[in-house]
Asks: 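Before I ask anything, here is the structure I am working with.
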Amino acid sequence: MSNGAENLPPYLEILNPEQRQAVFHTGKPLLILAGAGSGKTRVITTKIAWLIREKGLNPRSILAVTFTNKAAREMAERARLIDERAGDAMLRTFHSFGAWFLRRYGNLAGLDSGFVIYDNDDTLSLLSSIMNDSPKAELKQIAYDIARAKDYFLSPGDAALSIIDRRKKFRSLYAQYEEKMTRIGNVDFGDLIKKPVEILRKEPDVARRFRERFAVIMVDEYQDANVAQFELLKELCGPGVYVCVVGDDDQSIYRFRGAEVKNILEFPDRFPGTEIIRLERNYRSTAPILSAASSVVDHNRGRLGKILKAERSGGRLPALVFLPDQDEEAAFCATLIANMAAETASWSDWAVLYRINAQSLSFETEFLRKGIPYKLVGSLKFYEREEIKDALALLSFLVNPRDEVAFRRMVNKPARGLGPVKVDRIIEESALCGGDLAEAARRVAPEYSSKARSGLEIFLKVIEDGRAALEKPALTENTETKQPSKKRRSSKDREGLVSGEGLSICVARLVKDSGIAEYHQMKDEIAGNQRLNNLQELVNAASLYALSRKGLLEFLEHIELDRSIEDRSKDSSAENNAVTLITFHNTKGLEFRRVIMTGLEQGVFPREDKRGEELEEERRLFYVGATRAMDELYLCSCALRRIFGRPTPLEPSLFLREIDKSGLRIIGKAPYGFGGASSARGRGGLYGKGGMVSSAGGRAGGRRKSGAETRSGWRRGERLFHDDYGYGSVMEVRDGKEGPVVRVRFETGKELRFLSGHQGSGFVKISDE
DNA sequence: TAGTTTTAAGTTTTT
DNA sequence: CTTAAAACTA
């Protein structure tokens with residue numbers, strides 16, 4: 001009776017002692033160091049429910065913050081399963097909390113509540129209007145540095161700004177950027193965190209109100225919090241507020257956007273009296289998988305160094321698969337999945353992981369060809385398409401007539417005879433009428449030639465109609481179809497767009513009347529794209545929102561803050577049963593029975609330029625990926641990969657060497673240096689296109705082999721055949737820094753160098769000499 | 001100035 | 001290979 005395990009309700013009984021301790025903890029600040037798969041989400045959701053249920057806490061006084069919308073949704077769902085009232089707790093991402101805050105209190109910092117959130121593209125456009133003709137690379141650098149500055153809670157005037165960018169012009173550019181953004185009245189991602197902190201510091205009344213409202217604040221994935229987010233947390237935590245953060249330093253993978261592992265290491269110092277609870281039992285992965293994952297991250301210095309213990313013993317060793325090239329990699333994944341899924345009939349057990357989004361293409365093509373259902377997670381591509389950004393810019397301009405970025409983008413699209421000179425003139429004029437660009441355009445229009453003038457009038461008319469539609473929805477309702485049926489759909493119009501309910505009426509009209517539907521339809525006919533269909537999708541998405549200014553703001557905010565569109569097919573289980581294609585970064589917080597990690601090559605993962613602290617982050621990313629696997633893990637490494645369309649030989653990833661070979665099953669031909677496994681050559685057979693193909697290996701010959709020749713398996717003077725370059729002979733074999741290099745001269749006169757370990761599938765040896 | 005053709009460049013990772 | 005920038009023509 002003393003250990004508390006008896007007579008507990010089931011939702012508490014299933015917890016292990018550490019988890020239970022974490023749930024029951026109250027009073028002082030709490031830091032939960034939770035290893036991968038140790039049940040931290042369960043702890044948070046249970047804690048929320050427990051506080052409401054057993055402690056009688058008002059759900060509204062609980063704030064739980066996560067980093068992704070997916071995690072926030074899942075958390076809310078799971079907490080509600082334990083106690084329905086948990087639905088009233090505030091569960092948000094940091095950024096959505098910031099947006100929520102600024103809609104209410106932004107006016108205290110001179111921000112209109114109708115602000116729009118700029119994405120990276122928009123901030124780039126804004127910057128380019130400041131830095132007129134700078135090269136794009138520099139523009140990007142500055143934009144990146146400004147975002148970092150905000151992550152570190154640094155303003156243009158702060159001395160510490162030199163940590164981010166020490167060039168003197170940076171400070172001035174940052175200041176100009178801020179000034180312009182303020183004038184426009186919009187915000188970027190960084191502002192969603194930084195501005196609330198500034199307001200809370202400046203306005204004691206607001207701060208007090210928040211501290212009174214939230215009695216409990218919890219933060220998930222705390223290792224990914226940046227300095228500004230830490231400051232926000234501190235401002236929200238008054239003396240009486242209970243704060244509980246959960247994190248794992250080994251899973252910190254967002255340094256590039258300002259995440260500071262320091263936050264978690266120094267939490268006990270910043271919140272005096274902090275108690276620490278460790279969750280070190282992994283319930284997810286089998287022991288061999290966990291061991292492989294751990295041995296990689298063990299190579300990192302600068303970690304707290306926890307010991308994760310696998311609760312699941314047994315299980316197959318992770319497989320290390322060597323493949324000739326990326327096409328074979330995709331084919332291997334498809335075959336493996338198809339064979340195994342035939343037994344279990346479950347595609348959704350599988351996930352294919354890759355380092356960069358571009359890698360998904362091979363898998364999509366191959367899976368499509370073989371009829372394997374898949375879903376692409378986090379492909380934010382949709383909202384980055386030109387046609388979608390066009391429509392969104394028009395919508396933004398409806399809400400905020402000061403939005404210069406949107407105005408510049410759309411006023412002359414499609415071409416209306418308004419070149420940069422005329423547009424600049426309007427923007428200049430807007431300074432005289434409170435920044436209202438529509439008003440400025442109206443004033444300037446008479447100065448222009450009839451062509452430009454009528455073009456401008458068309459644009460203004462479209463915008464006015466759009467605004468009117470939001471204010472007086474009744475006027476835009478189709479008169480002939482007044483049925484209240486929610487499923488009603490009006491007929492297709494000339495551009496093939498279908499407008500549905502609510503806000504979609506306005507979006508459809510705007511897209512059509514502005515001429516961008518026609519514009520992109522024409523592009524479709526030339527290039528055979530899907531642009532009009534994409535616009536239709538956007539129109540459909542809008543139907544969930546009210547036909548009003550408020551509805552439009554919600555729509556835009558949702559798009560900026562939650563770009564995952566994959567949750568729509570949630571209800572249909574048939575569509576849900578699909579293989580997941582996903583980046584390593586996006587897998588955080590997820591789990592799968594079987595995981596295939598792809599592209600494990602030097603230069604791809606880890607990426608070539610990674611050293612020191614950044615290399616350690618890549619290692620953590622490997623760790624995150626590997627610990628997603630419950631039952632089986634596959635690691636794929638290709639000898640050859642097309643980079644910029646050119647086949648490039650690659651070494652196996654450093655991380656593969658950091659796993660003890662006795663803990664892996666090696667499949668395929670291990671390249672040079674991967675001890676024990678069969679050599680790349682020695683067997684005949686034609687592999688891959690564009691590869692070197694070898695027949696039986698030649699004998700030693702008369703001359704003594706050099707060290708490099710022995711290691712490479714190639715000899716000077718050897719004849720060979722390559723199916724791209726034809727016949728040739730080996731001119732030289734020497735040791736390069738990435739292993740032995742073979743220089744070959746072909747009969748065409750072309751000379752090429754190959755990494756011997758990685759012509760992999762081999763050359764065809766014709767004869768010695 | 002608008003639209004086309006040619007040439008060069010470039011691929012992290014995300015809220 | 002795909003996209004962006006530059007150069008070119010109508």
Side-chain angles (χ1 to χ4, degrees), chain A residues 65-72 92-99 117-121 123-124 128 133 135-137 139-140 144 147-148 150-151 187-194 221 224-226 228-229 252-259 326 353-362 365 377-381 383-386 412-423 449 451-452 455 519 522-523 526-527 529 557-564 582-588 599 603-610 614 617-618 620-622 624-625 641-648:
Chain A
V65 190
T66 64
F67 279 84
T68 68
N69 294 283
K70 199 172 186 173
R92 283 176 182 267
T93 65
F94 263 114
H95 290 91
S96 106
F97 176 81
I117 302 161
Y118 274 175
D119 68 5
N120 293 354
D121 250 19
T123 57
L124 220 53
S128 75
D133 28 289
K136 191 149 190 204
L139 222 74
K140 275 186 168 169
Y144 184 80
R148 282 306 68 73
K150 293 189 179 187
D151 288 342
V187 297
D188 59 24
F189 281 118
D191 290 333
L192 293 176
I193 311 297
K194 187 165 174 272
E221 308 284 11
D224 287 327
N226 60 37
Q229 286 161 338
S252 169
I253 55 175
Y254 285 108
R255 212 177 96 94
F256 68 91
R257 71 175 201 213
Q326 63 198 349
L353 278 51
Y354 38 81
R355 181 61 179 67
I356 64 172
N357 281 305
Q359 284 172 261
S360 74
L361 196 64
S362 316
T365 328
V377 172
S379 120
L380 36 105
K381 285 263 183 337
Y383 294 105
E384 282 175 1
R385 290 172 197 275
E386 183 188 344
N412 194 35
K413 191 170 184 175
R416 299 182 174 97
L418 292 150
V421 181
K422 292 189 174 77
V423 175
S449 67
K451 186 180 165 210
Y519 176 86
M522 207 178 68
K523 296 251 173 179
I526 297 163
N529 286 330
E557 182 170 314
H558 181 262
I559 285 171
E560 285 310 328
L561 294 182
D562 185 4
R563 294 187 158 190
S564 64
I582 192 168
T583 62
F584 282 97
H585 281 89
N586 264 322
T587 60
K588 194 149 62 150
V604 178
F605 190 26
R607 284 183 62 77
E608 67 257 87
D609 45 340
K610 299 295 183 185
E614 287 190 320
E617 178 141 317
E618 297 276 297
R620 293 192 289 266
L621 193 54
F622 180 101
V624 168
R641 187 175 287 277
R642 280 189 305 278
I643 298 177
F644 302 142
R646 285 272 150 254
T648 314

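As the structure is a computational prediction, the values presented were derived from the model and not from experiment. Quick note on labels: first sequence line is chain A, next is B, and so on, each numbered from 1.
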Asks: Figure out the CD1/P separation between A:Ile582 and B:dT13, and round it to whole Å.
Replies: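 Going from CD1 in A:Ile582 over to P in B:dT13 covers 13 Å.
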Asks: Separation of A:Ile356 atom CD1 from B:dT14 atom P, in whole Å?
Replies: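 Interatomic distance, CD1 of A:Ile356 to P of B:dT14: 11 Å.
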Asks: To the nearest Å, give me how far apart CG (A:Leu139) and P (C:dA4) are.
Replies: 14 Å
Asks: Please confirm whether the shortest side-chain N or O distance from A:Asn120 to OP1 or OP2 of B:dT14 is below 4.0 Å.
Replies: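 Answer no for this pair, as no side-chain N or O of A:Asn120 is under 4.0 Å from OP1 or OP2.
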Asks: For the pair made of CZ in A:Arg255 and C1' in B:dT13, what is the distance, rounded to whole Å?
Replies: 13 Å
Asks: So, does A:Lys136 get its side chain near the phosphate of B:dA8, meaning an N or O under 4.0 Å from OP1 or OP2?
Replies: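 No, no such contact exists.
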Asks: Quick check on B:dT15: is either OP1 or OP2 less than 4.0 Å from any side-chain nitrogen or oxygen of A:Ser96?
Replies: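 It does not, given that no N or O in the side chain of A:Ser96 lies less than 4.0 Å from OP1 or OP2 of B:dT15.
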Asks: OP1, OP2 of B:dT13 versus side-chain N and O of A:Asn357: anything below 4.0 Å?
Replies: yes
Asks: Using the P atom as the reference point in each nucleotide, state the distance between B:dT11 and C:dA6 in Å, no decimals.
Replies: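 Looking at atom P only, B:dT11 and C:dA6 are 15 Å apart.
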Asks: Base, sugar-phosphate, or nothing for A:Gly190, non-hydrogen atoms under 4.0 angstrom?
Replies: nothing
Asks: Taking the six-membered ring of A:Tyr254 (Phe, Tyr or Trp), confirm whether the NZ or CZ of A:Arg257 is under 6.0 Å from its centre and within 45° of its axis.
Replies: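 Yes; both conditions hold, so A:Arg257 lies above the ring face of A:Tyr254.
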Asks: Once you apply the 3.5 Å cut-off to both distances, tell me the Watson-Crick or G-U wobble partner of B:dT15, or none.
Replies: none
Asks: Report the distance from atom CG of A:Asp121 to atom P of C:dT3, rounded to the nearest whole Å.
Replies: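 Between P of C:dT3 and CG of A:Asp121: 14 Å.
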Asks: Whether A:Arg620 engages the ring of A:Phe622 as a cation-pi pair (distance to the six-membered ring centre under 6.0 angstrom, angle to the ring normal within 45°) should be assessed.
Replies: no
Asks: Contact class for A:Phe94 vs. all strands (heavy atom < 4.0 Å): base, sugar-phosphate, or nothing?
Replies: nothing
Asks: With a cut-off of less than 4.0 Å, is there a side-chain N or O of A:Asn412 near OP1 or OP2 of B:dT1?
Replies: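 For B:dT1, OP1/OP2 do not have a side-chain N/O of A:Asn412 under 4.0 Å.
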Asks: Using atom P in both nucleotides, what's the gap between B:dT12 and C:dA5 to the nearest angstrom?
Replies: 14 Å
Asks: Please lay out, stage by stage, how A:Glu618 and A:Arg255 fare under the test salt bridge (Lys or Arg N to Asp or Glu O under 4.0 Å).
Replies: CA-CA 10 Å; A:Glu618 297 276 297; A:Arg255 212 177 96 94; over 6 Å; no
Asks: What is the distance from CE of A:Met522 to P of B:dA2, rounded to the nearest Å?
Replies: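 Nearest whole value for this atom pair: 13 Å.
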Asks: Starting the side chain at C-beta, find the nucleotide from B:dT1, B:dG10, B:dT15 nearest to A:Asn586.
Replies: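 Output: B:dT15.
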Asks: Mind checking if A:Ile643 touches a base, just sugar-phosphate, or nothing, with heavy atoms under 4.0 Å?
Replies: base
Asks: Is A:Lys413 touching bases, backbone alone, or none of the nucleic acid, heavy atoms closer than 4.0 Å?
Replies: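 Since no nucleic acid heavy atom lies under 4.0 Å of A:Lys413, the category is nothing.
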Asks: Under 6.0 Å between the ring centres of A:Phe94 and A:Phe67?
Replies: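 Here the rings of A:Phe67 and A:Phe94 have centres that are less than 6.0 Å from each other.
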Asks: Mind calculating the distance between OH (A:Tyr383) and P (B:dT15) to the nearest angstrom?
Replies: 13 Å
Asks: Which residue lies toward the 5' end of DNA chain B, A:Ala415 or A:Thr68, if each is placed at its nearest nucleotide?
Replies: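 That would be A:Ala415.
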Asks: Using 30° and 60° as the class boundaries, would you call the ring planes of A:Phe256 and A:His585 parallel, tilted or perpendicular?
Replies: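 Taking A:His585 first and then A:Phe256, their aromatic rings stand perpendicular (interplane angle over 60°).
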Asks: Does the ring of A:Phe67 lie flat against the base of B:dT15, closer than 5.5 Å centre to centre with planes under 30°?
Replies: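 No; by the centre-distance and plane-angle rule, A:Phe67 does not count as stacking on B:dT15.
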Asks: Take A:Asn69 and A:Arg92 through the side-chain contact (heavy atoms from CB on, under 4.5 Å) test and state the conclusion after the steps.
Replies: CA-CA 7 Å; A:Asn69 294 283; A:Arg92 283 176 182 267; over 6 Å; no
Asks: Quickly work out the A:Glu384 CD to B:dT15 P distance and round it to whole Å.
Replies: 11 Å
Asks: Closest-nucleotide mapping onto DNA chain B: is A:Ala358 or A:Lys422 further toward the 5' terminus? I mean the 5' end.
Replies: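 Whichever sits nearer the 5' end wins; that is A:Lys422.
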Asks: Quick one: look up who B:dT6 pairs with, Watson-Crick or G-U, both distances under 3.5 Å, and put none if it's unpaired.
Replies: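 Here B:dT6 is engaged in a pair, and the nucleotide opposite it is C:dA5.
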Asks: Any donor-acceptor pair under 3.5 Å between the side chain of A:Arg355 and the base of B:dT12?
Replies: yes
